[in-house]
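Note that ligands are numbered from 1 as they come in the structure, with each ligand's atoms numbered from 1 the same way. For reference, positions follow the sequence shown, starting with 1.
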Amino acid sequence: MEKYILSLDQGTTSSRAILFNKEGEIVHVAQKEFTQIFPKPGWVEHNASEIWGSILAVIASVMSESNVKPEQIAGVGITNQRETAVVWDKETGLPIYNAIVWQSRQTSGICDELRAKGYNELFRDKTGLLIDAYFSGTKVKWILDNVEGAREKADQGKLLFGTIDTWLVWKLSGGQAHVTDYSNASRTLMYNIYDLKWDEELLEILSVPKSMLPEVRPSSEVYAHTIDYHFFGQEVPIAGIAGDQQAALFGQACFSEGMAKNTYGTGCFMLMNTGEKAVKSDNGLLTTLAWGVDGKVEYALEGSIFVAGSAIQWLRDGLRMLKNAADSESYASKVDSTEGVYVVPAFVGLGTPYWDSDVRGAVFGLTRGTSKEHFVRATLESLAYQTRDVLSAMEADSGIELKALRVDGGAVKNDFLMSFQSDILNVPVERPKVNETTALGAAYLAGLAVGYWESREDIAKQWAVDRAFEPKMDSDKREELYSGWKRAVHATMAFK
Ligand code: G3P
């Protein structure tokens, strides 16, 4: 009986269940979108119970549509939108507030206060992160401070916190396991990535009781089993957990120091494996845990761009310039350039390397001759420019000049974008055959734990290129375009 690994990829806008076979190929995919809640400008929330429902729905669809039997599932891997914070009641299993999403800015006031008290260096030295509303810590504090009765209940040990991985494992296991992995813990602003412990001093500053926090475990091991009524009568091992960006690094087989990938999802995240050494950044990058596998933890440097694919969604849904996101490629290719138009999609502030929560988006260089094609092209180009900002920071911090960039995520199907990306970076861009590298990474982590795959060397052999985009732009042109972007960003930041 052939066996498979089931990967659950709980992303910012949809939940997916993907079945993989031994060759690391996709056998079947089921996907379900869920509600995005915007209670106030800049706030983004999800209903964690709806997320759980969407996961049950995609499990049911992938199993029934693929005709794979539950007993053929060797293990389940979980990967998730990171940082998004859920607080729930231990007894009822019900969230006490919506999940506060990574993109949400509702805790920027708390962050301002913490920075004003001079805590930035302390958090950076312990967590590898900086004080920003992006990370979970201030989101948990906000929930405890703002939901009636929450703080008392938390102090009595009646509430649990988790990022989405923790929430899903807890639900899938019927409340048996309250766990997370190193990669997710390292995004909370509460976890010491050097001592590998929840940090008492930071918890005190954030007023978060330790009793709420999950146990932190390696990224590849059996944490619990699914309870049979969630899995068609089977108890399947839940055997892998990683935050989606770290999972993508694993799925791209970036196992050696200096290898990097860039994922174009809702946002865009570039991670470089730095091996067993944590590299501190002087250029606005984050130092983060990549994973714990084979009895050791490895680190990564990360550049986080908050708006990438969501800028294309904005063209489609907000401005109604596109019927489908995929049409952006043909519009952009109809013109030779943007004729000087720059779109800076700072809808929720700017991440690496600027870290400015208060800045908002802007468009520059409009003329009477500006058409939809120019506008669409400028929006796509903004993804490539932001990636160059990140890559420059990464090369400066790591001292490693990148030879090639492995890419994945929805937008890499866009050949125009990939080719422009390669031009602007002056680095070859490699798109792999399996584009679902986030889900694949979680599958690999689970498969390694249950002996479905033998070793990372085995996995690395499965990585294959679909297309490599080589840089063709001359350097004067490249630098002229990029300097326009820099001017646009600085002008945007000046307008607050
Ligand atoms: O840090 C946020 C990131 O994990 C979200 O990823 O793929 O949902 O944009 P994605």
Ligand 1 atoms nearer than 4.0 angstrom to some heavy atom of Thr12 are 5 (C), 8 (O), 9 (O), 10 (P)

Hey, are Glu302 and Arg82 close enough for a salt bridge, meaning a charged N less than 4.0 Å from a carboxylate O?
-> yes

For Gly267, the ligand 1 atoms with a heavy-atom partner under 4.0 Å come out as 9 (O)

message = Check this for me: does any side-chain nitrogen of one of Asp132 and Arg115 sit under 4.0 Å from a carboxylate oxygen of the other?
response = no

Self-check item: NZ or CZ of Arg388 within 45° of Tyr482 ring axis and under 6.0 Å
Solution: yes

Practice prompt. Return yes if a side-chain donor-acceptor contact under 3.5 Å exists between Asp244 and Thr438, otherwise no.
Written response: no

Arg431/Asp415 salt bridge by N-O under 4.0 Å criterion | yes

Does Gly243 come within less than 4.0 angstrom of ligand 1, counting non-hydrogen atoms of the residue?
-> no

Counting heavy atoms under 4.0 Å, the part of Glu83 that contacts ligand 1 is side chain

Distance col, row Asp466:CG vs Met418:CE, nearest 0.5 angstrom, shows 11.5 Å

Using distance alone, determine whether Thr266 and ligand 1 share an N or O pair under 3.5 Å. yes

Note: ligand 1 atoms sitting under 4.0 Å from heavy atoms of Tyr134 are 1 (O), 2 (C)

Note: heavy atom closest to atom 4 (O) of ligand 1, options Thr79, Asp244, Asp9, belongs to Asp244

